[in-house]
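Scroll down for the structure; my scribbles are underneath it.
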Amino acid sequence: MVNMGQASMRYKLGKLLRVPMDDTSFAFHQQYIVNEIFKTWSRDAKLSLDPNTSDDDKKNSDYIMSHYRKGERRGISSSKFMSPKQYTTVDKDNDQTNKNYINYLFNVVLGRDAKATEMAALIDHINLNGFKSYLANVDSENKDRQEYVRFVGRYYLQNIVFEYISRLDEVYFFKEIK
Amino acid sequence: MKRRQFLKASMAAAAGSLLLPRALRAKELDLSKVNFDTSVFDKGNQTIVIFLAGGPSSLSGNLSNLDEIEASSQKSYASFGAAYLNKIEGEYNLWKEAGGTAMKAMLDNKDMSIIRTCYSEDREKESNKSHGSCTQQNMRGSHDVGNPGLLTNLSRIMKANGKYDNFQLPFLTLDGENDFYAGDRNIGLKPISLSYTLSNPFKRNMTSSIYYSEAERKAGPNDEYQLKVPILDRIFDDLAKGFNSVDKMNDYLKNRKMISDKIEEVALERYDENEFHDKYLAQYSYQSSRFHRTLASAIELLDASPSTRTITIGTGGLGGWDDHSYSRVSYTNRMTNLFDGLEAGMRHLEGINKKGKISIVVFGEFGRNVNLNSALGWDHGNLQNVFVLGGSDYFNHVGGTDAIIGETKVDNGGRPKSGRIWLKPAEGSYACDPYSIASTIYAIHGIKNPEILSENFKPMNPQVKGQNFFKL
């Protein structure tokens, strides 16, 4: 097509005379996918769950929720996407609950469970990091506090998992049907 | 004419018009004709190219014809008022309120030379004073806007001589992409584009403590661990490479890491603006404008990355240079800010002992008509100043008024007060073509016959005090 003077990328208005995507533009693309879609979350659940949330912030939470309902939000919904209803919580077993949540996230984006090496790497990091992802039910007198800690744990874990998932070609390319 | 003949003639004309652009298309870069001197390239010269988009008036650096201009101008220059238009004392003929004070200081300090007679005969014949084509031509060093940009050509020549490594950041821009990097039938050059805060586009946003192991976090005091990329970044890359079946994705992961590491090596992103202020801005008396910060960042980058050859920047934050109207305040303030920044830049270069290796070249697409129009501005012209700073290893800055090169004359076409008054090179004066700027940049980086890439125009090399201005 180039020799016929019909190079499709060259003559389209607004197209630069260069390859459609390179490392720099893909870096920005990856940043966008991770930062603006995967890791952006509406603050509704955090604000309503956090025991330290002030009354003003709770009012703000209502305001955010009103916009959320109108669809005026960016990224994922923390209250729905990260809800414990979305995965199986195993009583007093953090490791298994973590794995269930990780598989849930993999399935949402990639349509598959995490492979054994992927799961091992993620669980290893959780242990090395030192933060415990308290997703399982634990005995606690302060139920509100426990619910908030669980929420933060899910959020941390979600960020880590999506940071990994954003490096997989499955996110950006359709699988060829053979 | 019969309908049959008309159709035949139309088809022939249509076919001709399709073939014509290809027939006229610029020749491919013939690398075999380029004389590349490795010993010059290996000196490691570096250049900051500042393009003044819009076409600045040359009057800031050249008031030598002001009386003649005044006699022909529609509006009187007296309308600028005594507070806005004064000459620097002495024979400099610099506009005091338009950067003249800083210019004089740099001339006297042998930091800068001004070439007042950058003028295009071709554009004069074609009556071309269009922003688009003049910008494209100047950034290519070529009349043919189908040719590659000057830095694209330079990168190809470097590559052909085994001197190009993309992971060493040879070309950086702090002002986005432009026609310096344009391509031809082959793809163009893709510079690494950074913001003036040196935000690294290749770095993943992983500064939260959740991405670091406990051992990493406790390795240093407080939050210092956040300045390093977490090990998890590498672990995730390696893990993903094992699952990715698309080669391009793994190439990207590899390239991203290499470029990101290099950027991190030469310039940490400015999490702390105060530290930047103390280290550069206050030390060298930069102001806090975006242009000053951008220039400080460019010099900091070149100092830290000797493999970087050119950085292109604009004057973002100062405004454009297309001063058709109300130039009294905007032009003078903009010029003052520009040259205050350049003067701070020279202090910065001196402070890091790089005035020899690093040069700064300042120019635009064209100069301006010197008639002060009814809106107190200037329309497009064909003669501009080129400001050459630093690079004393290869530029001969002789200092004082001797470093102001080129004499101009006024041409009003025999019709004073008609709105058309041009500055042109005076008879017998040194003059250079805008393409000579590209030619000079090629020569700085080792090309011995740059004229074959720039319409037969050689580097800017007037005689100053009986010596060559350009020493390479």
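Predicted model only: the values in this text are computed from it and were never measured. Per chain, numbering begins at 1; letters A, B, ... match sequence-line order. Values reported hereafter were calculated over all heavy atoms of this structure, with side chains retained and with hydrogens, waters and symmetry mates removed.
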Exceeds 12 heavy-atom contacts within 6.0 angstrom, atom CZ of B:F167: yes
A:I33, CD1 atom: more than 12 neighbouring heavy atoms under 6.0 Å: yes
4.5 Å side-chain heavy-atom contact, A:V34 and B:N205: no
Sub-4.5 Å side-chain heavy-atom contact between B:E214 and A:L128: no
Would you name the heavy atoms of [X] and [Y] that are closest together and state the gap between them?
X	Y	answer
B:P201	A:F28	CB-CZ, 3.4 Å
A:R167	B:M206	NH2-SD, 3.4 Å
A:N129	B:S209	ND2-O, 3.0 Å
B:I210	A:I160	O-CD1, 3.6 Å

Inter-residue atom distance B:L232.CG - A:L122.CG, 0.5 Å rounding: 8.0 Å
Value rounded to 0.5 Å, distance of CD in A:Q30 from CZ in B:F202: 11.0 Å
ring-ring contact (aromatic ring centres under 6.0 Å, His included), paired with A:Y164, selected from B:Y211, B:F236, B:F243: B:F236
A:I165 portion near chain B, given a 4.5 angstrom heavy-atom threshold: neither
Under 4.5 Å from a heavy atom of chain A, the part of B:L253 involved: side chain
Region of B:D237 in contact with chain A, defined by heavy-atom distances below 4.5 Å: both
Trace of the side chain to side chain contact (heavy atoms under 4.5 Å, CB included) decision for B:M249 with A:F26: CA-CA 10 Å; B:M249 189 68 198; A:F26 195 80; 3.8 Å; yes
Side-chain donor/acceptor of A:E163 to backbone N/O of B:R204, under 3.5 Å: no
Residues A:D169, B:S245; criterion side chain to side chain contact (heavy atoms under 4.5 Å, CB included); working and verdict: CA-CA 7 Å; A:D169 58 16; B:S245 56; 3.6 Å; yes
